[in-house]
Amino acid sequence: MIEIACMIALAAIAVAALLNLYRLVVGPDVLDRILALDTMVINAIALIVVMGVWYGTAIYFEAALLFAMVGFLTTVAFCKYLLRGNVIE
């Protein structure tokens with residue numbers, strides 16, 4: 001039963017990632033593209049967590065945590081760059 005639920009979740013996350021990819025490419029503004037990229041990071045984290053549930057191993061959850069930290073830092077760096085023009089002061 002868990003396999004079916006994981007397959008449905010993977011399909012839903014894949015559709016969400018495709019819609020985010022569309023917004024990333026077509027986005028009318030730079031801020032829309034940054035938000036789409038951040039949402040794609042969240043979708044990737046969700047994919048990693050679902051794969052961890054499906055395979056039943058904890059290493060995927062640690063990878064998702066690391067990916068979340070890197071995604072947060074890149075979003076902050078992009079926003080800081082747009083706000084000030086540089087990342088490191």
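Atoms considered below: every heavy atom in the structure, side chains included; atoms not considered: hydrogens, waters and symmetry mates. Fair warning: this is a prediction, and the values are worked out from it, not measured in the lab.
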Other ILVMFWY residues reachable from [X] by side-chain steps of under 4.5 Å:
| X | value |
| --- | --- |
| Leu66 | Met69 |
| Val26 | Tyr22, Val25 |
| Leu83 | none |

Query - Shortest non-hydrogen separation from Met40 to Ala17 and the atoms involved - result: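 So the minimum-distance heavy-atom pair works out to CE-O, 4.4 Å.
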Query raised in the report: Do any pairs count as a ring-ring contact (aromatic ring centres under 6.0 Å, His included) and have a residue in residues 30-56, sequence neighbours left out, and if so which ones?
Result: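 Matches after skipping sequence neighbours: Tyr55-Tyr60.
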side-chain contact (heavy atoms from CB on, under 4.5 Å) with [X]: which residues, sequence neighbours excluded?
| X | answer |
| --- | --- |
| Ile2 | Cys6, Val53 |
| Ala64 | Ile45, Ile48, Val49 |
| Leu82 | Val30, Leu31, Ile34 |
| Ala46 | Ile13 |

Requested in this report: Please answer: with hydrophobic residues joined when any side-chain heavy atoms are less than 4.5 Å apart, are Met7 and Met51 in the same cluster?
Outcome: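 Yes, one cluster joins them.
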Query raised in the report: Taking a hydrophobic cluster as the set of Ile, Leu, Val, Met, Phe, Trp and Tyr residues connected by side-chain heavy atoms closer than 4.5 Å, whether directly or through intermediates, do Phe78 and Leu24 fall within one such cluster?
Result: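 Yes.
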Requested in this report: Only pairs at least two apart or in different chains count here, so list each side chain to side chain donor-acceptor pair (under 3.5 Å) that has a residue in residues 31-44.
Outcome: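 Found Asp38-Thr75.
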